[in-house]
Amino acid sequence: MRLLKVSKMQTVMDKGGNGGPPMPLKKMRKELVPRKERATIGQFEVENPRMSCRNVDVYYNHGEKKAINNINLDIGRNEVIAMIGPSGCGKSTFLRCLNRMNDTIDGCRVTGTITIDNKNIYGKDVDVVPLRAQVGMVFQKPNPFPKSIYDNIAYGPKIHGLVQNRDETDGLVEQSLRRAGLWKEVKDRLDQPGTGLSGGQQQRLCIARTIAVNPEVILMDEPCSALDPIATAIIEDLIDELKQDYAIAIVTHSMQQASRVSQRTAYFHLGDLIEVGPTDQIFLNPLHQLTEDYITGRFG
Amino acid sequence: MNKSENMASSAQGRQLRTMDIVNRGLARRYRAERRFKRFGLSAILLSLAFLAVLFISIFANGYTAFQQTFIQLEVFLDPLKIDKEDLGSANYQGLVRESLAKTFPAVKNRADKRKLYGMVSSGASFDLRKFVQKNRHEIGNTIRIWVPADDDVDMLIKGHILRDVPESERRMDDTQIAWVDHFQHQLRIKQEFNMTFFTGGDSREPELAGIWGAVCGSLYTLLVTLCLSFPIGVATAIYLEEFAPTNRWTDVVEVNINNLAAVPSIVFGLLGLAVFLNFFGLPRSAPLVGGLVLTLMTLPTIIIAGRASLKSVPPSIREAALGIGASKTQMVAHHVLPLAMPGMLTGTIIGMAQALGETAPLLMIGMVAFIVDIPGGFTDPATVLPVQIFLWADSPERAFLEKTSAAIMVLLLFLVIMNGLAVVLRKKFERRW
Amino acid sequence: MKKVLIAVFALTLGVVFGLGTGIGFASSSRDYISIVGSSTVYPFATVVAEKFGKITAFKTPKIESTGSGGGHKLFGSGVGVQYPDITNSSRRIKKSELEKAMANGVKEIVEVKIGYDGIVIANSKKGPSFQLTRKDLFLALAKNVPTGDEAGKLTPNPYKTWKEVNALLPDVKIEVLGPPPTSGTRDAFVELAMEGGADEIDWIKALAKTDKKAYQALCQTIREDGAYIEAGENDNLIVQKLSANPAALGIFGFSYLDQNTDKIQGSLVDGVSPTFEAIADGSYPVSRPLYFYVKKVHVQTIPGMKEFLAEFTSEKAWGEEGYLTDKGLIPMPEAERKLFKENVATLKPLSLGDL
């Protein structure tokens, strides 16, 4: 149905072209999908997805308020998908559906199907504990445990039984900190509280903590919004490296960040997924009026 | 042009007016602020003054209780009157009286003799017995022993009985004072630190009365209270805050807990009487029952404090733990509880301090009682510090007045220590995030 | 943190275990005497108990001050170690209380009178000395008083000063500090002083025979317009308030006057001063007997009961020069002492007919 719409639009564009020289940019703008149209356009499916969401609705306050509306989106393997959109558009809500963090919110209900490796995570027999080990999360505000740096990293592997002895733990802690690019800075003070690090270091500590349990997907909810540009740059480099091993879904307010780190971008607006596609296309050549308005700074 | 000029000037005028208005009100605002500060300061000063008056009056009345007057007696340990095989049963009171009679041979009249024998405490004979049991080789010798003076002599030495009022208006008449002076002249009266006050149980003789029995009773009672109310309170707080669904039932439970915190403590005493004594048949006057009743009383305090400190743990920590795959129980046990513990401990200690000062609920379960023996366990009859204070305050003997104040000082000391401990614990375990 | 939690958990288990033994304890035995009852007898009973604990090998008895009524209620609840062995009373046991006790299985109760207590009306030494009659007390303190000589006519108490009550008394505002209705001292005061005073008015005395209820309401209701101030059960407090306010009179037990003769003076009642001798020989009108009651079956089961009773009824305790007199107890005449000592020795139970 949706695919049909896209192809229809393409036909429209072709017609406008009329076989002549490529349509000038100005002219193309006029052909954008109008604002009132809320169905997703663009390619939301990927081949062999890691996670796949179909017809996802989220309600808050025991169904009184619908937060997101009929979302269909795939998350591919080894890719970074960025979710952008104005405040309150539902991008964070959607992200939190992916590891069922919304379960902790009283009166929140999720419908539709979200699968990871073809298994529905909202199925009746699914345990959220292993799910969250499989789908890790990094939060907006760095939130290390008020414990030592070492314990911050070691906690996850310990509770999941990934390590058997002190040596294994030491190795995993070092490995995780190295991958998070934090090892050099903290190797001499592993026993000091994680809360004593700078904001950027804390966020990298949280990332290290997440990858210590070796997840398949990492969700990042505006991971750099509390950081300065230098710390942000370090984190962005880190994300770029991590995508070799993980699927990463990142919510961000910064369009520059989205364009720098992601391969695909999804644009959310008032609970609807408006447009999804390759990042370059979304930023250079958006198909939907709302997407265009947002990325050109007309609102948001 | 004209129009825009007008607009500019009116804007300027408006600006000026705003500033004028602000300035005009400024003095009034600062006056109000100063007035408010003065009210606050005077309120604090007033309460400090009341506190000072309270402390000063307690201290002024009570500090003398830490001293006790002793009289030195010369006692002939007559081998004829002390059976070497059975040292305990000899008539030591007779020996004490004999010694006094020897010191004042002129006293012949029966009534005067009674007065004379009343110069030393009735505890003197027990002290003598103890001495003989320890030093049996002294039997047959004349020994010098310091024994506690009677409370009236003590009061005279401490100046609570005035010498310059007419004889008929004094507790001690002129002959008695003359005897005291005689002893004093021979340097056979001294004031010493009152160990009995800290090591003895209750007594009807002020010079023999001590607070140790009550302190022990309080300790046993509070131990029971702590061991029951802390785990139950913490578990309840955790369940209500972290696990219980929000529905009408939990609302009812919450409202009831808050109400219980405001229920007069005597009601808990009645409950204890009906449930623990009459239904379960537990012994009266036992610290075990006292502890159970005080547990009921302190539970709401601990639960409310516990919930407040659980609430104050930031959600980011919970999300971090959940996000990494911790189960709810692990999240609570590993992260939330350790962070909430200082607050819970503070609430518990404050609840304990409250329980330490409580008498009303104990009245109903028989802990307001005269108990001489030091309690040795949870089911021995016992009383507690505030009850001891209450009982002494109601005793007719003048010397109990200072004992009362001294016991209040000890109780206050305990309370200060407990509240200090709460502050120290909070400081030590408090973490920032 | 874990260690602390484990320790607390272990202690909790310990307490629960203790609870179990406590329940076990309650149903087995008790090795000390349990005494409840009147706060007036309390100072005397405690002295005996302490002496008893020191000179014998038995544990010191436990004494609760519950008031006479509360004591009888606990005492009469049943037989067994969870119920007290002895109750003190500043009045004689009521017929209803005895009936109730018997219904609960306490069939045999031994009554022991231990002596007398005087109720004194006293004021600060700084104030004038009062020579009261019981009639003065009735007229000054009753809620409603008769006016004129007409029988049956009552008005709310109009008297403001003692001089208005009786021209011989000082011109001082009526201000009396006394115990609240829950106190045995108050009961005794009302019965001995107020009723005694009211009986001097002929028609009221006659009323006692015709309409007992109206008589009691008249004699026993104390005015509530501020002239009588309820000062709490703590007699020490009343003494302290008296020294602060020389114009006020106070009502309390004789032992408190005895201990504070330097600060307060007892008023003469019907011309008799509240002295030890006057109360002992019965000439002081406001005095009452003090009792304790013993469960006969407990004498066998509770260790030390016999010895304690012997100590209490010995001459060195309640005799004319016994140690109880030092604490302000007014001893009984010798014949009476002998009688009750014999009752104790034979454990002669009280019957309903005796009351």
Side-chain angles (χ1 to χ4, degrees), chain A residues 62 92 95-96 98-107 127-147 151-162 176 193-196 202-203 205-215 218-221 226, chain B residues 234 237-255 306-346 425-433:
Chain A
H62 305 276
S92 284
L95 191 75
R96 292 167 63 95
L98 298 177
N99 69 343
R100 293 184 58 174
M101 276 307 269
N102 283 335
D103 289 12
T104 59
I105 299 169
D106 220 31
D127 189 349
V128 293
V129 168
L131 171 71
R132 286 183 191 145
Q134 207 177 359
V135 184
M137 188 155 189
V138 176
F139 297 88
Q140 178 172 9
K141 209 178 126 206
N143 56 353
F145 299 129
K147 300 179 182 228
D151 288 342
N152 260 286
I153 310 289
Y155 179 70
K158 267 186 191 158
I159 58 171
H160 292 302
L162 303 179
S176 306
T195 42
Q202 284 191 18
Q203 196 61 299
L205 179 64
C206 292
I207 293 172
R209 181 176 69 189
T210 308
I211 58 183
V213 275
N214 200 22
I218 298 177
L219 310 177
M220 296 187 175
D221 190 357
Chain B
V234 169
I238 289 173
Y239 180 77
L240 287 177
E241 199 56 44
E242 302 288 337
F243 294 100
T246 41
N247 56 28
R248 193 167 299 172
W249 278 111
T250 45
D251 283 352
V252 168
V253 169
E254 180 165 355
V255 166
R307 293 189 67 175
S309 59
L310 284 172
K311 262 193 201 124
S312 72
V313 174
S316 66
I317 297 294
R318 294 161 205 268
E319 283 189 333
L322 290 177
I324 217 163
S327 68
K328 208 159 183 186
T329 316
Q330 284 171 329
M331 171 193 90
V332 172
H334 297 161
H335 301 287
V336 178
L337 195 56
L339 290 175
M341 208 32 102
M344 288 182 164
L345 286 177
T346 309
L425 277 177
R426 203 166 45 215
K427 280 263 147 56
K428 192 171 170 211
F429 289 113
E430 198 170 49
R431 301 196 211 192
R432 288 169 204 290
W433 42 75

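Chain letters run A, B, ... following the sequence lines, proteins first, then strands; residues in each count from 1.
- In this structure, NE2 on B:H334 lies 11.5 Å from CG on A:D151, to the nearest 0.5 angstrom.
- With sequence neighbours excluded, no residue forms a side-chain contact (heavy atoms from CB on, under 4.5 Å) with B:D251.
- Heavy-atom pairs under 4.5 Å with chain A peak, among B:A320, B:P315, B:G323, at B:A320.
- Residue with the most contacts toward chain B among A:Q134, A:M101, A:R100, A:M137: A:M101 (heavy-atom pairs, distance under 4.5 Å).
- By the side-chain contact (heavy atoms from CB on, under 4.5 Å) test, A:P193 is found to be paired with A:T195, residues two or more places apart in sequence or in another chain being considered.
- What you find for B:I324 and A:H160 is that their closest heavy atoms are O-NE2, 3.0 Å.
- Between A:I159 and B:A326, the shortest heavy-atom contact is CD1-CA, 3.5 Å.
- Near-neighbour residues of residues 241-250 of chain B relative to chain A, defined by a heavy atom under 4.5 Å from a heavy atom of that chain, comprise B:T246.
- Qualifying ring-ring contact (aromatic ring centres under 6.0 Å, His included) partners for B:H335, counting only residues two or more places apart in sequence or in other chains: A:F145, A:Y155.
- Between A:P144 and B:I317, the shortest heavy-atom contact is O-CD1, 3.8 Å.
- Between B:E319 and A:R96 a salt bridge is recorded (basic side-chain N to carboxylate O distance below 4.0 Å).
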